[in-house]
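Here's the structure, in structure tokens; my notes come after.
Residue numbering restarts at 1 for every chain, and letters A, B, ... go by the order of the sequence lines. The model shown is predicted, which means the values in this text are computed figures rather than measured ones.
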Amino acid sequence: MIKTRFAPSPTGYLHVGGLRTALFNYLFARKYGGQFVLRIEDTDQSRQVEGAVENLLNTFTRLGIDFDEGPTQGGEKGPYFQSQRLDIYHKHIQLLLDANTAYPCFCSEDRLKEVRAKRQAEKLNTPYDRHCVSIPQNLAIEMMKSQPYVIRLKSPESETVSFKDAVRGEVSFNSDEIDDQVLMKTDGFPTYHFANVVDDHLMGITHVIRGEEWLPSTPKHVLLYRYFGWTLPTFAHLPLLLNPDRSKLSKRQGDVAVEDYLAKGYLPEALLNFVALLGWNPGDDREIFSIAQLEQEFSIDRIQKSGAVFDVEKLKWMNGAYLKDLPLEKLSEIARPYFKDAGLEIPDETTYQKIVDFARKRISLMTEIVSESSMFYQLPEFSPEDLDLLRKKSSKTVLQYWLDQVPRKPVWTEGEIKELLKSTTQDFQVKGRDLYFPLRLALYGSCHGPDIPALIDILGTDEATVRLTRALQK
RNA sequence: GGCGCAUUCGUCUAGUGGUUAGGACGCUGGCCUCUCACGUCGGUAACAGGGGUUCAAUUCCCCUAUGCGCUACCA
């Protein structure tokens with residue numbers, strides 16, 4: 001049984017990189033009928049953010065990504081907050097202590113800083129100098145009663161620690177380069193390195209799919225699995241998501257929170273689709289995938305090794321593609337709140353959908369739908385150039401003729417409007433721009449825009465009459 | 001500095017021991033059309049460099065360069 005997990009620290013919002021990691025874990029589990037777990041890594045007490053978990057959960061809900069086990073749905077392997085698993089970690093650290101594969105360290109932060117600074121000055125690497133490793137066990141136990149301490153991993157000497165990464169193949173490190181990592185902090189909380197190994201094992205995680213930034217600390221984790229006598233999960237380290245300058249995707253260079261993209265009018269489906277294609281591809285030219293299709297197609301061996309720039313331009317295009325393809329009724333529903341928020345009265349359903357259908361072709365974000373269709377709601381405003389055009393003699397002739405004709409029918413068909421256009425040309429010798437521009441300007445507020453028949457269709461006879469009258473008065 | 005990972009158009013990427021190195025975004029030209037948008041048909045642009053191995057390397061190996069990541073009692 002495949003089991004994957006997404007294990008974020010609750011920093012306040014879901015990062016798009018986190019979304020990609022979560023998505024890959026989700027897809028992999030779904031593809032093989034496995035389980036997907038959400039675990040909150042809240043072991044850093046100094047970085048607690050109010051409401052962060054709720055916000056995270058909410059974002060996943062909006063995206064339609066659901067978990068089989070986690071804070072909301074519970075599960076047999078809980079609790080799913082690391083801060084609630086402290087006794088588990090203490091029990092396990094004792095195992096290590098007993099086996100002498102971990103040891104207490106009483107060094108002060110100042111001393112550690114000093115040692116590090118000295119090594120750095122000599123241009124050497126800066127691991128812990130193992131000052132406390134040789135304290136006799138009985139003495140250490142005494143000291144633990146009276147002094148603050150941390151528990152450190154005891155890294156073996158001069159051997160190669162290697163593991164097979166599902167994305168990168170064999171990766172190996174010299175154990176001398178592996179720091180005696182702190183496993184338990186002075187405050188009694190575990191560090192990430194310790195908690196994630198214990199939890200992944202206890203929760204039955206079979207595949208650890210996470211960002212490449214974890215690759216250098218994986219040997220520490222491998223060591224822990226070994227010390228506990230546990231079997232290694234399969235590791236798969238995902239290529240980083242990058243800023244346009246190819247540094248690790250960060251806040252400084254644009255939006256990084258999923259909720260920000262949602263707020264900007266990106267559809268969840270489009271965002272998911274786009275992010276799925278960052279570091280993974282189906283092996284052919286297809287680019288538009290529903291979540292269901294992705295669940296079918298996803299595979300770890302098609303994951304890319306090198307980092308991927310998060311290209312907002314392409315995201316926009318993809319979002320636009322979704323907007324153009326969505327069933328009109330569905331898009332209209334999605335668009336409704338945007339109109340409401342803008343305080344625009346939604347006309348009868350048929351007209352409303354015509355407006356949405358018109359606007360969808362020229363927007364790439366949902367938030368643009370209001371401005372792109374506001375001309376149907378608001379009377380046109382004219383610039384000095386517009387006024388010049390409207391006041392031209394031929395323009396007046398056309399507008400007057402249309403004002404005479406349009407009110408004659410409550411509803412005009414496309415064919416009838418075309419006829420009217422034709423007869424205008426015949427009767428008054430105006431055609432091309434001299435005909436269309438004044439009409440469009442009067443009805444729509446711009447020389448550029450929809451066909452005249454479409455305009456009359458959406459506006460209706462009454463509104464068209466009002467606008468023609470108004471334009472003639474200018 | 002140390003360690004690790006990576007390197008195909010500007011970006012996301014396909015691909016193979018012999019290909020006109022393919023697609024998509026962007027940019028751009030044409031068509032459609034009164035216009036704009038949509039659509040559609042084209043164009044643009046890449047195998048980091050140097051050594052090998054081989055009849056033949058973008059593809060396999062080594063080195064260099066470059067980029068990125070990690071180097072906390074943060075995750």
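Separating the C1' atom of A45(B) from that of C25(B) is a span of 13 Å, rounded to the nearest Å. C68(B) sits 45 Å from C31(B) when the P atoms are compared, rounded to a whole Å. A gap of 22 Å separates the P atoms of A72(B) and G67(B), to the nearest Å. The separation of G1(B) from C12(B), taken at their C1' atoms, amounts to 35 Å, rounded to a whole angstrom. Here, C5(B) and C62(B) have their P atoms 12 Å apart, quoted to the whole Å. Using P as the reference atom, A21(B) and A37(B) are 35 Å apart when rounded to the nearest Å. For the C1' atom pair drawn from A24(B) and A46(B), the interatomic distance equals 15 Å after rounding to whole Å. For U66(B) and C55(B), the P atoms lie 35 Å apart once the distance is rounded to whole Å.
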Below 3.5 Å between N/O atoms, which protein atoms pair up with nucleotides 19-27 of chain B? Just atom names and distances, please.
residue, atom, partner, partner atom, Å
A24(B), O4', E287(A), OE1, 3.4
A24(B), O2', E287(A), OE1, 2.4
A24(B), O2', K314(A), NZ, 3.3
A24(B), N3, K314(A), NZ, 3.1

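Formation of a donor-acceptor pair under 3.5 Å by the R391(A) side chain with backbone atoms of D386(A) is not found in this model. Using modelled atom types, no side-chain atom of S332(A) and backbone atom of Q353(A) make a donor-acceptor pair closer than 3.5 Å.
If you check every strand for non-hydrogen atoms under 4.0 Å, F173(A) touches sugar and phosphate atoms only. Using a 4.0 Å heavy-atom distance criterion, T186(A) is classed as a base contact. Contacts of R302(A) with the nucleic acid, taken as non-hydrogen atoms under 4.0 Å apart, involve only primed sugar atoms and P, OP1 or OP2. Here L278(A) lies in heavy-atom contact (under 4.0 Å) with sugar-phosphate atoms only. Residue G307(A) is classed as a sugar-phosphate contact, given heavy-atom separations below 4.0 Å to backbone atoms only. Using a 4.0 Å heavy-atom criterion, one finds that T11(A) contacts no nucleic acid atom at all.
K248(A) has a side-chain polar atom (N or O) that falls below the 4.0 Å cut-off from OP1 or OP2 of C70(B). Between K185(A) and the phosphate of A72(B), there is no side-chain N or O to OP1/OP2 separation shorter than 4.0 Å. Applying the 4.0 Å criterion to OP1 and OP2 of C3(B), one finds that N125(A) has every side-chain N and O outside that range. Between R47(A) and C73(B), a side-chain N or O to OP1/OP2 separation shorter than 4.0 Å is absent.
F24(A) carries R20(A) over the face of its six-membered ring, with the cationic atom under 6.0 Å from the centre and within 45° of the normal. A cation-pi geometry, defined here as NZ or CZ lying under 6.0 Å from the six-membered ring centre and within 45° of its normal, holds between R152(A) and Y128(A).
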Start with the C-alpha distance between S446(A) and M375(A), add both sets of side-chain angles, then the distance that settles side chain to side chain contact (heavy atoms under 4.5 Å, CB included), and finish with yes or no.
CA-CA 9 Å; S446(A) 168; M375(A) 315 69 148; over 6 Å; no
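Put simply, CG on L242(A) is 7 Å from C1' on C68(B), counting in whole angstrom units.
Distance from the side chain of Y192(A) is smallest for A75(B) among the nucleotides U13(B), A75(B), G69(B). For T191(A), whose side chain is taken as the heavy atoms from C-beta onward, the closest listed nucleotide among C38(B), C73(B), C34(B) is C73(B).
Judged by closest nucleotide on RNA chain B, P127(A) is the one of P127(A) and P190(A) placed further toward the 5' end. For the pair E212(A) and F358(A), both in contact range of RNA chain B, the more 5′-proximal nearest nucleotide belongs to E212(A).
Counting only N and O atoms by type, the side chains of D199(A) and Q82(A) include a donor and acceptor under 3.5 Å apart.
A donor N or O paired with an acceptor N or O is not found under 3.5 Å between the base of C38(B) and the side-chain atoms of R360(A). Scanning atom types as modelled, no donor and acceptor separated by under 3.5 angstrom connect the side chain of R440(A) and the base of C36(B).
In this structure, C36(B) makes no Watson-Crick or G-U wobble pair, since no nucleotide meets both defining distances under 3.5 angstrom.
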